[in-house]
Amino acid sequence: MNKKTISALFCWLIVSFSVSANEWGKTGHRVVGEIAQQHLTPKASKKINELLGGMSLAFVSIYADEIRSDGRYDHLAPWHYVNMPADQTYQYAEKNPEGDIVTAMETCIKILKDPKSTQEDKSFYLKLLVHFIGDIHQPLHAGRKEDKGGNDIQVFWFGDTTNLHTLWDSGLIDHYQMSYTELAAHLPKTGEAKKERLMRTPMLDWIHESQALANNIYEQTPANAKLGYVYHYQHFETVRQQLLVAGLRLAATLNMIFDPQ
Ligand code: ADE
Ligand code: ZN
Ligand code: ZN
């Protein structure tokens, strides 16, 4: 192999690996941050603003992905998802000894609530929490272990080869071609009573809602399916609803931490 071939191969490897490590794409995470920002109490908003040095929740929402290629953070890789068999609840499912998204969110919350935590730790774990509450509302972040939450299921999206997980992280959202602020302004309209109910749902329900949605997605998307307009039309409402719910629950969690009543 000559030098050119080797460097081309290397580039291809980097691209393939970064695609398989994708999350709700950047747009999805920023929408969740933007919705949460709009639902913070004034006191929580002020404390968060201080911790983040004025950066918005949308801005910090992809930090957990940005640090992925830094070896010092390798132990955080399993914190982005949980794998459960389709018919088992989290409580009874076998746990990953290296942690999962549930233990990750609990760890972040514990550190943020602890008066002994340093400002630096609080800032770090706040950025992670913003990201993980987004991730867990992408249904395939609560998918099956055997196909890595859909990463191992190849599908075709408007003729391009991708996988089921990436389609739900970013393909469906990117096809819509809205910026994160536009998409945040065009989520389903929800009355105050329903918003409050959504904001009060306990964390384990978030997991099981995602698992139920993932079960439907698996059923409706066979491997090697050729997907396009019809699939988008059938599933984009689920994406919009999950982005809204994730944003509301992120706000509720941050209000509980930074402005407990
Ligand atoms: N991302 C990487 N591995 C995953 C898995 N097993 N489940 C969900 N998301 C993942
Ligand atoms: Zn993902
Ligand atoms: Zn993630």
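From a predicted model like this one, the values you see are computed outputs, not experimental measurements. For ligands, and for the atoms within them, numbers begin at 1 and follow the listed sequence.
- Annotation for ligand 1: atoms under 4.0 Å from non-hydrogen atoms of Leu140 are 8 (C).
- The distance from ligand 1 to the heavy atoms of Gly149 drops below 4.0 Å at these ligand atoms: 5 (C), 7 (N), 8 (C).
- Considering backbone and side-chain atoms alike, Asn83 places an N or O below 3.5 Å from some N or O of ligand 1.
- Taking both residues in full, the closest heavy atoms of Leu167 and Thr162 are given as N-OG1, 4.3 Å, listed atom of the first, atom of the second, then distance.
- The OD1 atom of Asp169 and the NE2 atom of His165 subtend an angle of 100° at the Zn ion (ligand 2), given to the nearest 10 degrees.
- Taking a cutoff of 4.0 Å between a charged side-chain nitrogen and a carboxylate oxygen, Arg240 and Glu237 qualify as a salt bridge.
- The atom name of the N/O/S atom in Asp135 closest to the Zn ion (ligand 3) is OD2.
- When distances to the Zn ion (ligand 3) are checked against a cut-off of 2.8 Å, Asp65 contributes no N, O or S atom below that limit.
- The distance between the ring centers of His175 and Tyr229 falls below 6.0 angstrom.
- Within the coordination shell of the Zn ion (ligand 3), defined by N, O or S atoms under 2.8 Å, His29 is absent.
- Within ligand 1, counting atoms from 1 as listed, the ones closer than 4.0 Å to a heavy atom of Tyr81 are 1 (N), 2 (C), 3 (N), 4 (C), 5 (C), 6 (N), 7 (N), 8 (C), 9 (N), 10 (C).
- Between Tyr231 and Leu172, some side-chain heavy-atom pair lies under the 4.5 Å cut-off.
- For His80, the closest heavy-atom approach to ligand 1 does not fall below 4.0 Å.
- For the pair Leu112 and Leu129, the minimum side-chain heavy-atom distance is below 4.5 Å.
- Checking His141 against the Zn ion (ligand 3), every N/O/S atom stays at or beyond the 2.8 Å cut-off.
- Remark: Glu120 CD is loosely packed, at most 12 non-hydrogen atoms of other residues, nucleotides or ligands lying under 6.0 Å away.
- Residues Ser210 and Gln242 form a side-chain contact, since some pair of their non-hydrogen atoms from C-beta on lies under 4.5 Å apart.
- If you look at Asn151 next to ligand 1, the close heavy atoms, those under 4.0 Å, all belong to the side chain.
- Of the residues His131, His137, Gln138, the one that meets the side chain to side chain donor-acceptor pair (under 3.5 Å) test with Asp135 is His131.
- When the Zn ion (ligand 3) is compared with the N/O/S atoms of His80, atom ND1 turns out nearest.
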